[in-house]
Engineer: 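Sending over a structure as structure tokens; questions will come in a sec.
The sequence lines fix the lettering, A, B, ..., with proteins before strands; numbering per chain opens at 1.
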There are 2 protein chains.
Amino acid sequence: MSSKDYADANFRGNMMSTQLLIIDILDHARRRFPQQQIVSRVHSGAIHRTTYLESWQRTAQLGHALQALGVKAGDCVASLAWNTFRHFELYYGAAGLGAVLHTVNPRLFSDQIRYVIDHAEDSYVFVDPSFVALLEEIADQLPRVKGYIILCTADEMPVTSLANVQCYESLLDGHPTTYEWPRFSEEQAASLCYTSGTTGHPKGVLYSHRATVLHAQAAASPALLDLREDTVLLPMVAMYHVSAWGAPYAAPLAGARLVLPGHGMDGPSMWEMIRDEGVTVGLGVPTIWLTLHNYLREQQVTELPLERVCVGGAASPLGLVKTYYEQYGIYWQPIWGMTETGPLATSLPPSPAILALPEEERFRRQTTAGKAAFGVDMGIFDADDRPLAHDGETSGELRVRGPWICSQYFKNDDLSSFPGGWLATGDIAVIDAEGHMKVVDRKKDVIKSGGEWISSLEIESIVSQHPAVNECCVIGAKHPKWDERPLLLVVLNPEQQFDRTQMKEHLTGRIAKWWMPDAVLVVDRLPRTGTGKVVKNELRDQYGNYLIEQGASA
Amino acid sequence: MSSKDYADANFRGNMMSTQLLIIDILDHARRRFPQQQIVSRVHSGAIHRTTYLESWQRTAQLGHALQALGVKAGDCVASLAWNTFRHFELYYGAAGLGAVLHTVNPRLFSDQIRYVIDHAEDSYVFVDPSFVALLEEIADQLPRVKGYIILCTADEMPVTSLANVQCYESLLDGHPTTYEWPRFSEEQAASLCYTSGTTGHPKGVLYSHRATVLHAQAAASPALLDLREDTVLLPMVAMYHVSAWGAPYAAPLAGARLVLPGHGMDGPSMWEMIRDEGVTVGLGVPTIWLTLHNYLREQQVTELPLERVCVGGAASPLGLVKTYYEQYGIYWQPIWGMTETGPLATSLPPSPAILALPEEERFRRQTTAGKAAFGVDMGIFDADDRPLAHDGETSGELRVRGPWICSQYFKNDDLSSFPGGWLATGDIAVIDAEGHMKVVDRKKDVIKSGGEWISSLEIESIVSQHPAVNECCVIGAKHPKWDERPLLLVVLNPEQQFDRTQMKEHLTGRIAKWWMPDAVLVVDRLPRTGTGKVVKNELRDQYGNYLIEQGASA
């Protein structure tokens, strides 16, 4: 769309210029849902309870404490922390001042952590006791950091070699429980999250107040997470990972109860919180729901309060979609997004139309990305930047734009990921006439065989349904004749087997003949990133020459 | 809240500067819900069906047609029209160009219509055949109007004395079904609606794109109208009255089906649409639901597809709240707002917590205004502009602020309704510790008796529950000793009676003794404004001296 001359008429409406600021979300929650709970698992493993009202008061104390530390608007402070009420307070306290909370991913390599803290120029680091050791390793290479605040009580303070260490609870202690939060432009930066690409340094995405508030409204809406006062929301995605998909903003906006798992990302801890808190909606990557399923199966649990799991960060395997419905009656709600998209962009909520579909058709749809929320504009493009038809068949690179989409990386002039005002996602996708989007593959994971494309995702989704298979991965292995051919790696369920013959039987008729993987390898585990994604690069390094080594020839 | 120095640090996030424009709502609907229907009753009484996709295409034609007429960004065009698909197209087509649609209320006095069209400098008037006569009366006093477009087909064109008349369908005919909609600032004005106060000229509220889009998102959310793909929404509030409470924006945003009643505001027409279209949610003032109830009772209908009626514009009478639940199983969902507030600001949706209350307590709550949606900040203030406690007891003038609240009237420098950056609503209200707001009375309707306040609304709500009473109204009548005393006016159900003795019995124990009305008068009807509100001024003029005439003395 182009701007025409007459669009500059500048005939403004007579509406208040109220800015969309993050602190107003917590203000809304404390005024209208004062007794709604934030439940956290803390460092000791114990369950801690607070309310939006109390959180508002403690966030005011944090505001005073940050001010006393000299933190001012535009400054960055870092967190290295699990999902807890203290991390939640940091989200609002830092943003409330106009400062920026840089949520550092503790699963990055040590040198990456050093790099991001330095690159963001973080003045203070707020750190969970569990991650203190990690900082001790690199503290001498962090000259800009003025001090470290440990997220615990005075009793829980660890012995540490870090300099200028304070206790979070002592820091807050004695400060007034009200704060006259400043008003400023909604364009002001509020939080910072780095993506760990497979090459080069991590790149930062700097979110504004406006983007965060608009994203929170969309996230809470029926098109995405569909949160209400009676929702009990458990983000099993970390608050250091794209703000736990915005859950700490969307839950108070909707008045939902927020259940924060702390470090308890294992099966028993998850199940305990789901059961004891009556969790109705969970957020997380497919792996986390596989972890839960494996545990529940072991424990022979089939009755859960969970109604939906909202699943993003990787493709939804058909096998798990079915398992969740058939064994637990839980709707697997796919979500698509990236760090650069806020992150939530599309979803497929359980609308009556979706629930009315024949089961197999519905399951299949649940492995796609669903529709974009209002505010997210999507297009698919060919290699020459030409827009392609939304016909459900044509595939091209997915590009998105909208008020909560990244326009460039932090302190980075390379705009190659932002052609023509869009974000180029690196996903190959199709979009149908009703706006349903399906990621065919990551651009870099697509298998180029004899000049044609094979979708690794598609094969994985079908293999995942085989009862012997716990998880799987398909990569392109080098081939002297076809350039690349699919190679299947599987992790089996206990005491199961799965060989090339069984694979062929299972896949025959479900994929094109020439998509049939050339080999199947049973492995003990798949390598994953800190956020649970399979690291296909590593598998390509390890197994990329497998077919050649096995004697494949032209 | 004050701005502190450091708030000007101006450290902007790296997010796209996508503006919130109204045309994007329809773009979203046509891409993601292309076949969702817009159903209208047209001039002939017939039912017309279109879809969001077709509406998008016709809106493009309208864009070309408006451009051909010379309408450009910043220009105002008027509509005098019922709720139909053509009016819907005007909402998007005018705003899409950056022009302003001035929705004229045909129920205004003739001279007020002349005034508002002239004051807004409308260049064209789009008019339903039913309102042509109304314009013919004043056309010679509208020198700025360049032409009139009748909202009908060529066959339906009426004979008229209006000059420069065109047929809407002929105007659209032949234009391309795509339009390259311009991008511009979200602050741009988009629509204009005048409020008809009881004194002076009507005052205009000029809505921006930003306010309209943010309001639409809030309106569609569970906190307000709670619209979804499977909602069938019937706005029985006119599109000339604060944009039918934003329904033409919120419905396509949510993908809901939109049912537009045209001129069919009577019982039989309403019931026909509700039944035939399977309407699940209705919007309207209490009177419209009284009209429906009276008709359904007559027809002995008790089974309706309606799940909720969302009711605003006047206080919700307890009697109707109960009747709707007990006779039809319909949840009466109160809403509070004004032309100056977008209009939707608060509501009490049927959350599990509300539904779990004992019935009598729930009904009572349903006569209050509920809680504010995120984005609406509310306060109550005393006569000296001091903020009062939100304790559920202290009452004061309700003031609101937020991104879809009016900051001043159109071309009007009088800021007396906008003290300190708030909108002073003219309502006296209480707010409790959980944000529930209850309007005690209009500031001007409160009865001042012996230096104390009596809430006319409170008494009306209790009287409305008496089985003999169809509707009622309480006004302050002059009294030589007490200054004012309450006087009750009732309209009875067929073949019923209600006298002072029955009134006393009904009210005793439910209101303070000194609130007991001094007299009860049975009347045939209550005078109402075009939007269905009782005109208390008129009743005060007529009955204000009743008690003195009857011999009340000091």
Engineer: Which distance, rounded to the nearest 0.5 Å, do you find between the OH of B:Tyr409 and the CG of A:Asn14?
Structural biologist: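 Taking OH in B:Tyr409 and CG in A:Asn14, the distance rounds to 11.0 Å.
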Engineer: What part of B:Glu340 is in contact with chain A, defined as an atom under 4.5 angstrom from a non-hydrogen atom: side chain, backbone, both or neither?
Structural biologist: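 Contact with chain A: none, neither part.
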Engineer: Hey, does A:Ile405 have a side-chain heavy atom less than 4.5 Å from the side chain of B:Thr18?
Structural biologist: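 Side chain of B:Thr18 against side chain of A:Ile405, heavy atoms only: no contact under 4.5 Å found.
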Engineer: As an exercise: rank A:Ile431, A:Asp230, A:Thr212, A:Asp432 by heavy-atom pairs under 4.5 Å with chain B and give me the winner.
Structural biologist: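 Highest number of heavy-atom pairs under 4.5 Å: A:Asp230.
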Engineer: With a 4.5 angstrom heavy-atom cut-off, which part of B:Pro34 approaches chain A: side chain, backbone, both or neither?
Structural biologist: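 For B:Pro34, side-chain heavy atoms alone lie under 4.5 Å from chain A.
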Engineer: Heavy-atom distance under 4.5 Å to chain A: side chain of B:Leu53, backbone, both or neither?
Structural biologist: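 Interface part for B:Leu53: neither.
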Engineer: Which region of B:Leu227, side chain (C-beta onward) or backbone (N, CA, C, O), has a non-hydrogen atom less than 4.5 Å from a non-hydrogen atom of chain A, or is it both or neither?
Structural biologist: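 Just its backbone gets close to chain A.
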Engineer: Between B:Cys76 and A:Phe11, what is the shortest heavy-atom contact and its length?
Structural biologist: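 The pair with the smallest heavy-atom distance is SG-CE2, 4.3 Å.
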Engineer: Side chains of B:Trp404 and A:Met16: does their closest heavy-atom pair fall under 4.5 Å?
Structural biologist: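 Sidechains of A:Met16 and B:Trp404: no contact.
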Engineer: Would you mind telling me which of B:Ser351, B:Gly435, B:Pro222, B:Ala223 has the largest number of heavy-atom pairs within less than 4.5 Å of chain A?
Structural biologist: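 Most heavy-atom pairs within the cutoff with chain A belong to B:Pro222.
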Engineer: Under 4.5 Å, counting heavy-atom pairs only, tell me which of B:Ser208, B:Ala220, B:Pro403, B:Pro349 racks up the most with chain A.
Structural biologist: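 Ranked by heavy-atom pairs under 4.5 Å with chain A, first place is B:Pro403.
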Engineer: Side chain, backbone, both or neither: which part of A:Leu423 has a non-hydrogen atom closer than 4.5 Å to chain B?
Structural biologist: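 Both backbone and side chain.
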Engineer: Quick check on B:Arg228 against chain A: is it the side chain, the backbone, both or neither that has a heavy atom closer than 4.5 Å?
Structural biologist: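 It is the side chain, since no backbone atom gets that close.
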Engineer: Less than 4.5 Å apart, any side-chain heavy atom of B:Leu214 and any of A:Met15?
Structural biologist: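 No, side chains not in contact.
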Engineer: Please state whether the side chain, the backbone, both or neither of B:Asp75 comes within less than 4.5 Å of a heavy atom of chain A.
Structural biologist: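 No part of it gets close to chain A.
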Engineer: Can you tell me which portion of B:His209 sits under 4.5 Å from chain A's heavy atoms? Options are side chain, backbone, both or neither.
Structural biologist: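 For B:His209, neither part sits under 4.5 Å from chain A.
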Engineer: I'd like to know if the side chain of B:Gln188 reaches the main chain of A:Arg12, judged simply by a donor and an acceptor atom lying under 3.5 Å from each other, with no hydrogens or angles considered.
Structural biologist: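 Absent.
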Engineer: With only heavy atoms counted, which part of B:Leu192 is less than 4.5 Å from chain A, the side chain, the backbone, both or neither?
Structural biologist: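 Looking at B:Leu192, nothing touches chain A.
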Engineer: Contact between A:Phe374 and B:Arg32 at the side-chain level, heavy atoms closer than 4.5 Å - yes or no?
Structural biologist: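 No, every pair of side-chain atoms sits at 4.5 Å or beyond.
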Engineer: Measure distances from B:Ala372 to the heavy atoms of chain A and classify the residue's part below 4.5 Å as side chain, backbone, both or neither.
Structural biologist: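 For B:Ala372, the contact with chain A is made by backbone and side chain together.
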Engineer: Checking B:Ser221 against chain A: side chain, backbone, both or neither under 4.5 Å from a heavy atom?
Structural biologist: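 When you check distances to chain A, no heavy atom of B:Ser221 falls under 4.5 Å.
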Engineer: Could you look at B:Val376 and say if it's the side chain, the backbone, both or neither that has a heavy atom under 4.5 Å from chain A?
Structural biologist: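 Only the backbone of B:Val376 comes within 4.5 Å of chain A.
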Engineer: Could you look at B:Glu229 and say if it's the side chain, the backbone, both or neither that has a heavy atom under 4.5 Å from chain A?
Structural biologist: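 Side chain only.
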Engineer: Is any side-chain heavy atom of B:Arg31 less than 4.5 Å from a side-chain heavy atom of A:Asp377?
Structural biologist: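 Touching, per the 4.5 Å side-chain cut-off.
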Engineer: Pick one of side chain, backbone, both or neither for B:Ala433, based on which atoms fall under 4.5 Å of a heavy atom in chain A.
Structural biologist: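 For B:Ala433, the contact with chain A is made by the backbone alone.
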